[in-house]
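In listed order, ligands and their atoms are each counted from 1. Start at 1 with the first residue, then count along the sequence.
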Amino acid sequence: MTTVTKNEPSRRNFLKKSAVLGLGLSAAPMSTGAAHEGEKNNTGRGKLNEQSKKLIKLFGLKYPIFQAAPGGEELAVAIANAGAMGAVSLSWSSPEGAFDVVTRMNAATKGNFYANYVLHFDPVSLDAALEAGCPTVQFSWGLPSEAMVSKIRNAGARLGIQVSSKQGAQKALNLNPDFLIAQGLEAGGHIQATSPLVHAMQEVLELAGDVPVIASGGISTGHDIRDAIDAGASAAILGTRFMATRESNGHAVYKNALVGAGDNATTYTNCFNRDWDATHRVLRNDTFLNWEAEGCPTKGKKPGEDDIVATHPQMGATARYSIMYPVKGHEGTLEDLAMYAGQGAKNIMDLPSAGDLIKRLWSEFENG
Ligand SMILES: Cc1cc2nc3c(=O)[nH]c(=O)nc-3n(C[C@H](O)[C@H](O)[C@H](O)COP(=O)(O)O)c2cc1C
């Protein structure tokens with residue numbers, strides 16, 4: 001491991017810099033007339049349920065496949081234009097940045113994308129995103145206030161909320177969302193879930209009624225998507241699998257680490273908590289293993305805590321335990337940064353284009 005220098009990036013600087021991670025792209029009205037490949041080609045097991053058909057129609061999709069928040073604009077456009085649902089992370093964007101991202105996304109797609117906000121951070125760019133015509137807004141790690149929901153509804157946008165339990169589902173359903181996401185502990189990145197996906201899904205489905213539930217966590221193949229849909233989900237969200245594509249904004253070091261990561265590659269931890277103390281799943285790298293070897297010490301006592309292990313032309317210095325993952329343009333000992341990965345990483349063997357990956361996922365879904 002290389003320690004480059006010591007520096008103390010402030011939280012505000014971190015937030016400013018992280019906006020670069022959320023680079024996204026557009027605001028044409030949502031297309032609802034796309035051919036539904038998923039619906040058309042299905043027979044037997046893996047057949048789409050009625051809820052799933054309704055969901056893909058609602059969002060103008062060919063496939064019941066959603067990108068999770070990360071990956072950047074280029075990936076979101078590629079996924080949306082391949083007939084799935086793209087996503088941009090706007091949690092750390094300035095209002096101007098979010099306006100531009102949404103404007104570009106609307107121009108480059110048919111509006112089949114959503115903006116994600118992690119509600120542990122103030123969604124300062126929500127108004128700007130809606131003003132730019134953001135078609136769908138999705139929240140995780142909290143519930144939007146009634147004022148936020150009114151703004152979204154007044155702008156004619158759709159609303160999604162991530163939950164992971166019966167209690168969470170009940171509170172979210174009181175806000176009349178268009179869809180819920182049920183996240184399981186298998187997920188990569190930050191994990192609000194406290195039980196495996198199958199349990200989270202069961203609890204959420206029990207209450208959801210007509211509201212579509214999208215399964216999230218550890219899904220990386222078409223077989224996984226089929227299992228989720230057979231279990232009652234209307235669609236599946238893939239985070240880690242889409243990070244390992246040509247278009248994602250992940251640095252090559254991170255993408256290559258995902259390929260062939262193996263069965264026991266990830267860990268559920270709060271190790272990378274410099275900027276946000278929350279549980280997450282990452283690849284077990286040297287930063288994690290050295291911290292674990294010292295007994296998982298708390299903030300202030302962590303080994304190499306102030307090391308700056310990477311720098312980025314726009315984001316500047318990134319400290320060892322930062323929540324930032326290695327993105328294109330980073331330089332340094334990138335394998336020491338948080339490399340988020342869900343348990344489905346065990347199935348990642350290549351770095352295809354997003355379009356090729358979606359075709360492959362669908363063929364696996366259909367053909368077993
Ligand atoms: C690199 C990375 C970054 C993530 N960033 C966010 C985020 O900004 N907001 C959020 O709600 N979830 C975030 N997540 C979690 C995803 O939304 C989703 O729950 C997870 O990727 C699903 O599990 P999977 O990675 O096994 O597919 C992130 C996940 C990864 C892998």
Side-chain angles (χ1 to χ4, degrees), residues 15 18-24 65-72 75-76 79 84-93 98 114-121 123 125 137-144 160-164 180-194 196-197 200-201 214-221 224-225 228 233 235-245 248-251 253-255 257-258 261 265-268 272 275-276 278-283 322-328 330 337-348 357 361:
L15 293 177
S18 315
V20 175
L21 285 179
L23 288 180
I65 298 174
F66 280 47
Q67 177 189 354
L75 178 62
I79 289 175
M85 186 79 167
V88 288
S89 155
L90 296 184
S91 300
W92 302 282
S93 291
Y114 67 92
N116 164 264
Y117 287 96
V118 171
L119 282 176
H120 270 228
F121 303 91
S125 67
V137 180
Q138 181 264 317
F139 297 101
S140 54
W141 287 87
L143 293 169
I161 304 175
Q162 176 174 284
V163 296
S164 73
L180 291 179
I181 295 172
Q183 190 197 39
L185 269 174
E186 299 90 335
H190 286 86
I191 303 183
Q192 72 180 83
T194 52
L197 179 59
M201 283 268 299
I214 307 181
S216 174
I219 298 173
S220 61
T221 67
D224 297 338
I225 298 173
I237 290 205
L238 286 71
T240 307
R241 179 61 266 203
F242 278 129
M243 285 306 294
T245 56
S248 103
N249 66 359
H251 192 282
V253 165
Y254 174 25
K255 295 185 194 182
L258 290 172
T266 74
T267 184
Y268 173 65
F272 294 90
D275 332 283
W276 177 23
T279 43
H280 45 269
R281 186 178 295 283
V282 281
L283 292 179
S322 164
I323 66 168
M324 220 175 276
Y325 61 84
V327 291
K328 287 173 183 168
H330 256 135
L337 293 180
M339 294 190 286
Y340 299 110
Q343 287 183 345
K346 62 175 185 266
N347 298 314
I348 298 178
L357 175 60
L361 291 169

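Nearest heavy-atom pair, Leu90 versus Ala115, reported as atom, atom and distance to 0.1 Å: CD1-CB, 3.6 Å.
Among all non-hydrogen protein atoms, the one lying nearest atom 11 (O) of ligand 1 is Ser140 OG, 2.5 Å. Shortest contact from atom 19 (O) of ligand 1 to any protein heavy atom: Gln183 NE2, 3.0 Å.
Considering backbone and side-chain N/O atoms, His190 never comes within less than 3.5 Å of an N/O atom of ligand 1. Residue Gln343 places no N or O, backbone or side chain, under 3.5 Å from any N or O of ligand 1. For ligand 1, the polar-atom distance check finds no N/O of Met243 at less than 3.5 Å from any of the ligand's N/O atoms. In terms of polar-atom proximity, Pro70 is not counted as a contact of ligand 1, lacking any N or O under 3.5 Å from an N or O of the ligand. For ligand 1, the polar-atom distance check against Ala187 finds no nitrogen or oxygen pair separated by under 3.5 Å.
Taking a cut-off of under 4.0 Å to the non-hydrogen atoms of Gly218, the atoms of ligand 1 that pass are 23 (O), 24 (P), 26 (O). Atoms of ligand 1 lying under 4.0 Å from at least one heavy atom of Asn116, given by number and element, are 7 (C), 8 (O), 9 (N), 10 (C), 11 (O). Within ligand 1, counting atoms from 1 as listed, the ones closer than 4.0 Å to a heavy atom of Thr240 are 24 (P), 25 (O), 26 (O), 27 (O), 31 (C). Ligand 1 places these atoms under 4.0 Å from at least one heavy atom of Gly342: 26 (O). Residue Ala68 has at least one heavy-atom neighbour below 4.0 Å for each of these atoms of ligand 1: 16 (C), 17 (O), 18 (C), 21 (O). Interface atoms of ligand 1 facing Leu238, defined by a heavy-atom separation under 4.0 Å, are 27 (O). Within the listing of ligand 1, atoms 1 (C) sit less than 4.0 angstrom from a heavy atom of Tyr254. Close approach to Tyr325 involves these atoms of ligand 1, each under 4.0 Å from a residue heavy atom: 1 (C).
Contact check for Ser140 versus Ile181: no side-chain heavy atoms found under the 4.5 Å cut-off. Side-chain contact between Thr240 and Thr266 is absent, with no heavy-atom pair separated by less than 4.5 Å. Using a 4.5 Å heavy-atom threshold, the side chains of Pro70 and Phe242 count as separate.
In this structure, Ser216 counts as a contact residue of ligand 1, since one of its heavy atoms falls inside 4.0 Å of the ligand. Using a 4.0 angstrom heavy-atom cutoff, Gly217 counts as in contact with ligand 1.
Using the six-membered ring where Trp is involved, Phe66 and Tyr114 have ring planes that are tilted, between 30° and 60° apart.
Annotation: the span from Leu197 atom CG to Leu185 atom CG amounts to 9.5 Å, rounded to 0.5 Å.
The side chain to side chain contact (heavy atoms under 4.5 Å, CB included) with Ile65 is formed by just one residue from the set Leu357, Ile214, Ile225, Ile219; it is Ile225.
A donor-acceptor contact closer than 3.5 angstrom is absent between the side chains of Asn249 and Tyr254. A donor atom on one side chain and an acceptor atom on the other are found under 3.5 Å apart for Asn347 and Ser220. No donor-acceptor contact under 3.5 angstrom links the side chains of Trp141 and His190, judged on distance only.
Considering only non-hydrogen atoms, atom 15 (C) of ligand 1 lies nearest to Gly188 out of Ala69, Gly188, Pro326. Distances from atom 21 (O) of ligand 1 to the heavy atoms of Ala87, Gly344, Gly71, Gly239 show the closest one on Gly239.
The side chain of Trp92, and not its backbone, has at least one atom closer than 4.0 Å to an atom of ligand 1 (non-hydrogen atoms only; side chain from C-beta on).
A donor-acceptor pair under 3.5 Å is formed between the side chain of Gln67 and the backbone N or O of Ala87.
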Requested in this report: Would you sort out whether Leu258 and Met339 count as a side chain to side chain contact (heavy atoms under 4.5 Å, CB included), showing the intermediate values?
Outcome: CA-CA 9 Å; Leu258 290 172; Met339 294 190 286; over 6 Å; no
